[in-house]
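Before any comments, here is the structure.
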Amino acid sequence: MKYEELYKMKQQRKALSASIVQNWFIGPVLMFALAWIFLPDLPEYRIGLIIIGLARCIAMVLVWNQLAGGDNELCAVLVAVNSIFQVALYSVLAYVFVTVLSAWIGGAGAGAVVDISIWEVAKAVFIYLGIPFIAGIITRSVLVKKRGKDWYDNVFMKKLGPTALIGLLFTIIVMFSLKGEYIVNSQWMYSG
């Protein structure tokens, strides 16, 4: 992402505003409602759906944009904005939706199924999103200063870019393989 050219995105206010409203207001409320409508008696799954509904899958946006040949600059800005919102708001929203609102809707025990610490969630989000985001800013600024924008954009990024899809697929495989035994042994799986 060309951080030094963010000022050019003023023309994309509608896209940025739509992304923020859709990702941080409509999406969480919709997932919260769906979780309570379809999973009122399954608190573990309901809370899981709420938590997943709050998380923006930033890596997928980049990969799908790349595969679709979309506007890379706009995509990068949307990802950056949503990364910042995720680092700043995810832990607060998780606490509010899982602990406060769930207890309000479902009674005293509904919000207590999972004890969510705002600081633990914030720490995890910072580790998985904040550190890579900061590393990207530092990498770009240092390499552009040392080697120039042309080298960074046309040599470094051309070699680094294709690793995004490989990294995403690797992450998905690792995540599901670590939970494979749980998924196979889960009570809700069809056993017939």
Side-chain angles (χ1 to χ4, degrees), residues 1-28 30-31 48-49 51-94 118-180 183:
M1 181 169 170
K2 299 174 184 174
Y3 301 100
E4 67 276 5
E5 295 181 14
L6 283 178
Y7 69 92
K8 293 180 181 178
M9 288 294 127
K10 287 182 181 178
Q11 304 159 350
Q12 300 289 349
R13 279 192 185 130
K14 286 184 181 179
L16 290 170
S17 298
S19 175
I20 290 168
V21 169
Q22 195 171 22
N23 285 312
W24 296 103
F25 294 104
I26 296 172
L30 177 64
M31 291 305 284
L49 184 60
I51 289 172
I52 288 173
L54 294 173
R56 310 285 47 101
C57 189
I58 296 165
M60 286 303 293
V61 172
L62 293 170
V63 171
W64 284 113
N65 184 69
Q66 186 179 27
L67 292 173
D71 183 343
N72 289 330
E73 294 299 316
L74 177 59
C75 181
V77 169
L78 291 174
V79 166
V81 167
N82 281 303
S83 295
I84 292 166
F85 269 81
Q86 191 135 333
V87 169
L89 294 178
Y90 185 83
S91 59
V92 174
L93 289 175
I118 290 177
W119 303 115
E120 285 299 314
V121 175
K123 183 172 75 173
V125 171
F126 179 74
I127 290 169
Y128 291 107
L129 287 177
I131 291 173
F133 185 69
I134 292 167
I137 292 171
I138 292 169
T139 301
R140 178 168 176 79
S141 63
V142 167
L143 291 178
V144 165
K145 283 180 185 174
K146 288 190 177 207
R147 303 291 298 267
K149 283 184 186 180
D150 187 56
W151 177 85
Y152 183 86
D153 291 338
N154 298 316
V155 177
F156 181 71
M157 287 308 297
K158 295 271 190 224
K159 291 180 181 176
L160 185 64
T163 64
L165 184 57
I166 295 165
L168 178 63
L169 292 173
F170 175 77
T171 303
I172 291 169
I173 290 168
V174 169
M175 281 180 5
F176 283 102
S177 67
L178 291 174
K179 294 295 182 186
I183 293 169

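Index from 1, following the sequence.
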Taking side-chain contact (heavy atoms from CB on, under 4.5 Å) as the definition, give me every residue that meets it alongside [X], ordered by chain and number, with sequence neighbours left out.
X	result
A88	none
I134	F126, I138
L143	T139, W151, Y152, F156
L67	V63, W64

Discussion item. Keeping S17 on the side-chain end and K14 on the backbone end, is there a donor-acceptor pair under 3.5 Å?
Written reply: no

Fill in: Carboxylate-amine/guanidinium proximity below 4.0 Å for R140 and D153
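So R140 pairs with D153 through a salt bridge.
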
Of all heavy-atom pairs between [X] and [Y], which one has the smallest distance, and what is that distance?
X	Y	result
N154	K158	O-CG, 3.0 Å
P28	N23	CD-O, 3.3 Å
N82	W24	OD1-NE1, 2.8 Å

Worksheet item: To the nearest 0.5 Å, how far apart are CD1 in I20 and CZ in R13?
Response: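 Between I20 CD1 and R13 CZ, I get 12.0 Å after rounding to 0.5 Å.
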
Discussion item. Side chain to side chain contact (heavy atoms under 4.5 Å, CB included), that's the test. Do M31 and L49 meet it? Break it down for me.
Written reply: CA-CA 7 Å; M31 291 305 284; L49 184 60; 3.1 Å; yes

Fill in: Non-hydrogen side-chain atoms of L160 and M157 separated by less than 4.5 Å
yes

